[in-house]
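Working notes for the structure below.
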Amino acid sequence: MPPPTSNKYQVAKDPSGKDINALEQHIKNLLCPSTPFFFNTLYEPFRDGADFVRGYPFGLREGVPTAASHGLWLNIPDYDAPTQLVKPLERNTRYVDTVLTIPKGTLFPMCGMNLAFDRDLIGPATYFGLMGDGQPIGRYDDMWAGWCCKVICDHLGLGIKTGLPYIYHSKASNPFVNLKKEYKGIFWQEEIIPFFQTLTLSKEFTSVQKCYIELSRLVKEKLGTIDPYFLKLSEAMVTWIEAWDELNPPTKHSSK
C-alpha cells in the first residue's frame, strides 16, 4: 500500500509491487486499435500472448482508431453517494490486468480523473457538462462528456478502451456533500441515458463538430423539458464548438 500522502490520487502499484506508469499505458491504449463492432472473448486481442478467437470475422480484425483511454481506480471505488453510504468501508483491491473495447451501442460511466483522449479524433466532444456554483447538478460533468463522446465515436466508427491503467485513490469524498451535488442527476439520468441510447445522427454529420452541434440541438429539443439547465447546457455546447474551431486549426478528423 502506498505511504500516506496529502494527495488524493497517487501512483498505483501492480501485483508485483512495481509502480504503474499510467501515462505510458494510456498512450499504448490510444495507439492500439479498438474493436467495438464485435466482442473478442479473449479480451484485448492486440496484446502479446492474445489474438482473435475462432469465429471472429477476419474483416473486422484490423480494428478502428482508439479515441479515448479510460483508466480505473484501486482502493476507494468511484461510487455515487448512495452507494458510498451503504458501503463506506468497501475497497477495490482486485487488479485486473486487461483492457477492453467498449462495444458499439453501449454507454459507460466515464470518470474524468484517469482519462486520456486523442484530441484530433474526439477532442471537440470532450466538453464536460456545466457544473459548480449556481448549477443544479454536480459530479455528472465527466459522465456527460463520456456519453457524448461514446455516441459520437459509435457514429464515426471510433473506439474507446477501458481498464488499465489504474490510479490509487486514497481519500473518499464526503458522501453527504456528494449526495447534495448528485441528487438531481440521479433522478435525471433515468431520462438522460435513454436519450443517448436511442438518438441517431445522420450520415451527413461526418465530423465531431457537426455531430456535437446536432447533439446540442437534440439536447435542447428532448431534454430541455426536464429542466432549464439543459437549455443552458445546449447553448454552452455550441459556444464550446465555436471556441474550439477558433482556437484549433482543422485536421483530418476534426475539420468542419
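Hydrogens, waters and symmetry mates are skipped; everything else that's a heavy atom, side chains included, is used.
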List the steps, then state whether side-chain contact (heavy atoms from CB on, under 4.5 Å) holds for Met131 with Tyr140.
CA-CA 8 Å; Met131 65 172 294; Tyr140 274 86; over 6 Å; no

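- Separating the CG atom in Asn40 from the CG atom in Asp51 is a distance of 8.0 Å, to the nearest 0.5 Å.
- Of all non-hydrogen atoms in Lys171 and Lys8, the two that sit nearest each other are O-CE, 2.8 Å.
- Clustering ILVMFWY residues whenever any of their side-chain heavy atoms sit less than 4.5 angstrom apart, transitively, puts Ile76 in a cluster other than the one holding Tyr95.
- The existence of a salt bridge linking Glu235 and Lys232 is excluded, since no basic side-chain nitrogen approaches an acidic carboxylate oxygen closer than 4.0 Å.
- Here the side chain of Thr198 pairs a donor or acceptor atom with the backbone of Pro194 at under 3.5 angstrom.
- In this structure, Tyr212 and Trp244 have side chains that are not in contact, with every pair of non-hydrogen atoms separated by 4.5 Å or more.
- Separation of atoms CG (Leu158) and NZ (Lys104) is listed at 11.0 Å; rounding is to 0.5 Å.
- Here the side chain of Thr101 pairs no donor or acceptor atom with the backbone of Pro36 at under 3.5 angstrom.
- Taking CG of Asp142 as the start and CH2 of Trp147 as the end, the distance is 9.5 Å to the nearest 0.5 Å.
- The line from CE of Met143 to SG of Cys148 is 13.0 Å long, rounded to the nearest 0.5 Å.
- For the atom pair OG1 of Thr206 and CG of Leu201, the computed distance is 11.5 Å after rounding to the nearest 0.5 Å.
- Closest heavy-atom contact between Arg139 and Lys181: CD-CD, 4.2 Å.
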Between His70 and Phe108, is the ring-ring contact (aromatic ring centres under 6.0 Å, His included) condition met? List the steps.
CA-CA 10 Å; His70 179 253; Phe108 74 109; 5.3 Å; yes

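- Inter-residue side-chain proximity for Tyr166 and Val96 is flagged as met; some heavy-atom pair is nearer than 4.5 Å.
- With a 4.5 Å cut-off on side-chain heavy atoms, Asn248 and Gln209 do not count as touching.
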With side-chain contact (heavy atoms from CB on, under 4.5 Å) as the criterion, how do Trp73 and Tyr9 come out once you've worked through the C-alpha distance, each side chain's angles and the decisive distance to 0.1 Å?
CA-CA 9 Å; Trp73 293 4; Tyr9 307 102; 3.8 Å; yes

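- Checked by atom type and distance alone, the side chain of Lys161 pairs as donor or acceptor with a backbone atom of Pro33 at under 3.5 Å.
- Side-chain contact between Tyr229 and Trp188 is present, with heavy atoms from C-beta onward closer than 4.5 Å.
- A distance-only check finds a donor-acceptor pair linking the side chain of Asp154 to the backbone of Gly105 [under 3.5 Å].
- The closest side-chain heavy-atom distance from Glu44 to Cys32 is below 4.5 Å.
- Residues Ile160 and Met113 are members of separate hydrophobic clusters, defined by side-chain heavy-atom contacts under 4.5 angstrom among Ile, Leu, Val, Met, Phe, Trp and Tyr.
- Side-chain contact between Ser173 and Gln84: present, with at least one pair of heavy atoms (C-beta onward) separated by less than 4.5 Å.
- Counted within 6.0 Å of CZ on Phe37, heavy atoms from surrounding residues, nucleotides or ligands total more than 12; the atom is thus considered enclosed.
- Closest of all the heavy-atom pairs between Lys220 and Leu231 is CG-CD2, 3.7 Å.
- A 4.5 Å side-chain heavy-atom check between Thr66 and Asp118 finds every atom pair outside the cut-off.
- Atom CZ of Phe195 sits in a crowded spot, with more than 12 heavy atoms from other residues, nucleotides or ligands closer than 6.0 Å.
- Between Ser207 and Leu156, the closest heavy-atom pair is C-CD1, 4.2 Å.
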Report the C-alpha separation of Phe196 and Leu215 in whole Å, then their side-chain angles, then the decisive distance to 0.1 Å, and conclude whether the side-chain contact (heavy atoms from CB on, under 4.5 Å) test is met.
CA-CA 9 Å; Phe196 280 104; Leu215 189 54; 4.2 Å; yes

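- Rounding to the nearest 0.5 angstrom, the gap separating the CG atom in Leu233 from the OH atom in Tyr127 is 6.5 Å.
- Partners of Tyr56 by ring-ring contact (aromatic ring centres under 6.0 Å, His included), not counting sequence neighbours, listed by chain and number: Phe38, Phe52.
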Quick one: do His169 and Asp78 satisfy side-chain contact (heavy atoms from CB on, under 4.5 Å)? Show the steps, please.
CA-CA 9 Å; His169 184 212; Asp78 186 16; over 6 Å; no

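- Using a 30° and 60° split on the angle between ring planes, Trp144 and Phe230 fall in the tilted class, from 30° to 60°.
- Gln25 and Asn29 form a side-chain donor-acceptor contact under 3.5 Å, judged by distance and modelled atom types alone.
- Residue Asn75 comes nearest to Ser170 through the heavy atom pair ND2-CA, 3.8 Å, listed as atom of the first residue, atom of the second, then distance.
- Judged by distance alone, the side chain of Asn114 and the main-chain N or O of Pro165 form a donor-acceptor pair under 3.5 Å.
- Note: the hydrophobic cluster containing Phe39 does not contain Leu42 (ILVMFWY, side chain heavy atoms under 4.5 Å, direct or indirect links).
- Residues Ile152 and Leu121 fall within the same hydrophobic cluster, defined by Ile, Leu, Val, Met, Phe, Trp and Tyr side chains chained together at heavy-atom separations under 4.5 Å.
- Of all heavy-atom pairs between Val11 and Ile20, the closest is CG1-O, 3.6 Å.
- A single hydrophobic cluster is not seen to contain both Val64 and Ile27; linkage of ILVMFWY side chains at heavy-atom distances under 4.5 Å, directly or through other members, places them apart.
- Residues Glu214 and Ser202 form no side-chain contact, since every pair of their non-hydrogen atoms from C-beta on lies 4.5 Å or further apart.
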